[in-house]
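Since the structure comes first, as structure tokens, the remarks are kept for the end.
Letters A, B, ... mirror the listed sequences (proteins, then strands); counts begin at 1. From a predicted model like this one, the values you see are computed outputs, not experimental measurements.
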Amino acid sequence: MDILAELNPAQREAVEAIGGPVLILAGPGSGKTRVIAHRVAYLVKVCRVSPRRIMAVTFTNKAAREMETRLHRLVSGSVRDLTLGTFHAICARILRREGKAIGIDPRFVIYDEEDQLSLLKRSIQEAGLDPKQYAPRAIRSAITSAKSRLLTPQDYLESSRSYFEEVAGRVYERYQQLLTASSALDFDDLLMKAVQLFKQSPEILSRYQERYLHLLVDEFQDTNLTQYELVKQLAGKYRNICVVGDPDQSIYSWRFADLRNILNFEKDYPEAKLVLLEQNYRSTKLILETASYIISANQQRKPKELWTDNEPGELTTVVETYTEQEEAQFVVSEVERLVGRGEVNRGDCAVMYRTNAQSRALEEAFVRYGVPYKLVAGTRFYERREIKDIIAYLRLIQNSYDSVSLLRIINVPQRGIGQRSLSQLSNRARSAGVPEYRALQLIAEPTDKPSPPFSSRISRAMAGFVNLMEGLIARSRELNLVDLLDLVIESSGYKEYILGGLDGEERWENILELRTVAGQYRDLTPRDGLAAFLEGVTLVSDVDGLDESVDAVTLITLHQAKGLEFPVVFIVGMEDGILPHFKSFDDPGQMEEERRLCYVGVTRAKQRVYLIRAFRRSLMGSSTVNRPSRFLSDIPSHLITGGALWEGEDSLAATAMYSWNRASAPSLAVTELKAGDHIRHAEFGDGVVVSCQPVKDDEEVVIAFAGVGVKRLLLSYANLEKVE
DNA sequence: CGAAAGGCTCTTTTT
DNA sequence: GAGCCTTTCG
């Protein structure tokens with residue numbers, strides 16, 4: 001198989017430029033993933049580079065898996081030896097192996113954001129501050145920002161320029177101590193500690209530099225300084241580094257991704273070869289044109305010319321509904337209409353939104369009309385309470401210093417160890433300078449006289465917990481992961497606890513689901529299985545769970561949608577305040593990022609784009625009226641079709657929509673009337689049902705009447721007659 | 001100690 | 001509207 005055969009000249013150039021640094025600027029749909037895969041294949045097959053000596057960094061695990069699949073086709077076998085994964089996963093692996101050199105316990109656990117917040121609260125308190133005055137989230141963000149610039153607490157304190165930063169610095173200091181005491185690393189530590197490791201241990205660094213003859217980094221526009229530093233370290237010897245990115249798709253500045261990395265790359269590697277991928281293979285001409293208009297409104301950007309040989313395709317449909325329920329309903333009916341016409345499958349459609357909260361109304365509509373969908377995040381599986389509880393048990397088995405997990409489950413299910421006892425326990429641990437678990441063991445020792453302030457009842461409860469854990473730890477050395485998990489669930493009493501609680505059955509199902517995941521680790525040694533499982537469940541991303549084989553509509557945030565493509569894309573919430581989000585109003589830089597986000601959404605589409613907004617929407621409980629997104633006005637009207645689906649200021653548009661909707665006739669089977677039905681009303685005459693929606697024990701129908709306009713009526717009073 | 005109820009505050013995006 | 005925290009009562 002000729003690896004270069006199916007590539008265009010620019011792609012080919014990118015694949016063949018293998019000596020020295022390469023910067024690939026790749027527009028959406030320009031075959032960037034393909035280029036990376038082919039480049040790896042080229043290295044292996046043509047240049048005879050051992051896969052062991054190649055590292056490819058992707059943004060999500062899903063992207064890594066995709067790469068793996070592609071490579072299987074291209075080079076088969078040997079893919080196993082590649083180093084392929086996210087920055088976080090790769091760093092975790094390195095630290096597990098080499099971290100000892102800088103004092104990292106190889107059994108370290110990884111704290112996700114929830115764990116991080118809980119430890120931060122403690123840090124704030126222990127720094128003598130009030131968590132209500134200093135929002136843990138704000139401090140977390142400060143710490144993340146420090147870590148993404150490689151600043152230690154000391155560095156950060158020295159550079160602090162405000163009272164808040166000083167406070168944050170002090171908390172950061174304490175937080176870091178607590179992390180160390182817990183043998184834990186947070187997400188940002190994984191990156192920062194890896195860089196520190198290589199800084200402090202040139203021997204280790206040179207071993208890795210030696211090994212990795214070739215490095216590839218995808219989504220380079222979304223890396224932070226620490227990540228870039230790591231890449232530079234690894235590429236220090238051979239300088240064979242290939243980065244791929246698109247400044248116009250940079251949407252993670254809030255995670256301290258830094259676009260300057262792209263500029264600095266050209267400075268740090270002046271000999272770098274630059275390759276532009278400008279031909280788009282994904283979208284129709286009209287979609288690409290629409291997208292170009294949107295992104296061109298950004299001032300801080302280097303213009304670039306994307307083009308495509310694809311068909312012109314359809315105009316972008318812009319629709320305004322009255323509420324977010326109708327917005328959702330429109331999406332569902334439109335999907336069904338397209339499916340009914342045999343144009344697409346449901347799985348070809350995606351609905352994208354700015355905030356996770358928006359998925360709610362959509363989900364309700366999909367459920368109501370029985371249209372299958374898959375929600376990419378939701379309450380993310382691994383963040384569910386019952387899942388995190390079980391994971392906490394497992395973590396504590398692996399690493400009994402893990403205080404966040406200990407405090408999480410010591411009284412779950414209830415063992416009579418309450419808040420008071422816990423803070424006393426923490427105090428004692430702190431003053432004795434030992435981990436909480438050690439303090440517990442001491443209290444639990446039978447020889448101990450009653451040790452005030454713990455009553456004998458409390459001491460007994462604590463001893464019970466220690467015994468439970470000791471038993472689990474002992475058995476963990478011989479049990480495979482599934483058996484260990486079962487033992488945890490049984491012996492801790494968690495099963496009865498969860499089944500007896502709210503939504504017990506559902507939560508229990510989730511635990512069984514976790515058990516299935518654990519099954520994948522069954523064949524590893526008990527020790528490795530546990531470690532690998534814990535790492536896996538912490539470093540997953542939401543899109544990782546996206547299953548393409550299911551024919552259902554995808555509901556997904558715009559951020560998650562990056563890197564994906566769909567024939568039909570609906571972007572909902574096209575309103576000022578939602579997209580762009582109101583938090584970005586006073587910062588032009590952030591506003592440009594919002595625009596890029598919109599651009600990312602539109603450029604996911606292959607065939608059709610719908611930009612939908614609601615006139616009125618309930619946000620945080622109360623109802624708000626938003627103006628149409630300013631991004632809509634960046635699109636010239638000749639690229640747009642559609643209009644309002646309710647009786648708004650623009651009833652002309654409503655009439656236009658009426659005839660448009662007449663042709664749509666979606667098949668929604670919930671009420672007797674459905675959108676698209678033709679009816680007759682005694683007063684208003686003939687009309688077409690635009691939407692129906694249950695309200696209390698009635699049905700609210702929105703009907704477009706010829707010559708009269710759009711009316712909202714209650715079914716029971718309207719006295720409608722169905723016309724065939 | 002623990003369950004229940006009421007009150008508070010935020011809500012962007014996520015490896 | 002939800003999740004978190006505090007208060008209150010048994």
Rounded interatomic separation in angstrom, taking CG from Leu619(A) and C1' from dC10(B): 12 Å
Sugar-phosphate, base or nothing in reach of Phe87(A), heavy atoms under 4.0 Å: nothing
Phosphate contact (dT15(B) OP1 or OP2) by Asn224(A) side-chain N/O below 4.0 Å: no
d(CZ, Phe256(A); P, dT14(B)) in whole Å: 16 Å
Ring-ring centroid check Tyr252(A) Trp254(A), cutoff 6.0 Å: yes
Protein-nucleotide distance (Arg460(A), atom CZ; dC1(B), atom C1'), rounded to Å: 15 Å
Sugar-phosphate only, base, or nothing, as touched by Gln358(A) at under 4.0 Å among non-hydrogen atoms: nothing
Whole-Å distance separating the CD1 atom of Ile251(A) from the P atom of dT15(B): 11 Å
side-chain N/O Thr557(A) vs dT14(B) OP1/OP2, d < 4.0 Å: yes
Among dT14(B), dC5(C), dC1(B), the one nearest Lys121(A) by side-chain distance: dC5(C)
Base-pairing assignment for dT13(B) (Watson-Crick or G-U wobble, both under 3.5 Å): none
Residue pair Arg596(A) / Pro247(A), side-chain heavy-atom distance below 4.5 Å: no
Side-chain heavy atoms of Ile417(A) within contact of Leu422(A), under 4.5 Å: yes
Under 4.0 angstrom between Gln560(A) side-chain N/O and dT14(B) OP1 or OP2: yes
Base of dT13(B) and ring of Trp254(A) stacked, centres under 5.5 Å, planes under 30°: yes
Euclidean distance, atom NZ of residue Lys562(A) to atom P of dT15(B) [Å, nearest integer]: 10 Å
Gap between atoms OH and P, on Tyr497(A) and dG2(B) respectively (whole Å): 11 Å
Sugar-phosphate, base or nothing in reach of Ser421(A), heavy atoms under 4.0 Å: sugar-phosphate
Atom-to-atom span, CD of Gln227(A) to C1' of dT15(B) - whole angstrom: 8 Å
Any side-chain heavy-atom pair of Val537(A) and Phe381(A) under 4.5 Å: no
Arg630(A) to Phe585(A) six-membered ring, cation-pi geometry met (6.0 Å, 45°): yes
Contact check, side chains of Thr223(A) and Val57(A), non-hydrogen atoms, under 4.5 Å: no
Which residue lies more 5' along DNA chain B, comparing Gly418(A) with His88(A) via nearest heavy atoms: Gly418(A)
Among dT15(B), dT13(B), dA2(C), the one nearest Thr60(A) by side-chain distance: dT15(B)
5' precedence on DNA chain B between Ile417(A) and Thr58(A) (nearest-nucleotide basis): Ile417(A)
Nucleotide dT14(B), atom P - distance to CD of Gln221(A) in whole Å: 16 Å
OP1 or OP2 of dC5(C) under 4.0 Å from side-chain N/O of Gln419(A): no
Asn356(A) side chain near dT13(B) phosphate (N/O to OP1/OP2, under 4.0 Å): yes
Side chain of Ile458(A) (C-beta onward), nearest among dT13(B), dC1(B), dT15(B): dC1(B)
Any Arg385(A) side-chain heavy atom under 4.5 Å of Arg507(A) side chain: yes
Test item: Glu575(A) side-chain N/O and Ala614(A) main-chain N/O as donor-acceptor pair under 3.5 Å: yes
Short side-chain N/O contact from Arg415(A) to OP1 or OP2 of dC1(B), under 4.0 Å: no
Sugar-phosphate, base or nothing in reach of Asn411(A), heavy atoms under 4.0 Å: sugar-phosphate
Presence of salt bridge, Lys32(A) and Asp246(A), under 4.0 angstrom: no
Proximity to DNA chain B (any heavy atom under 4.0 Å), residues of residues 591-599 of chain A only: none
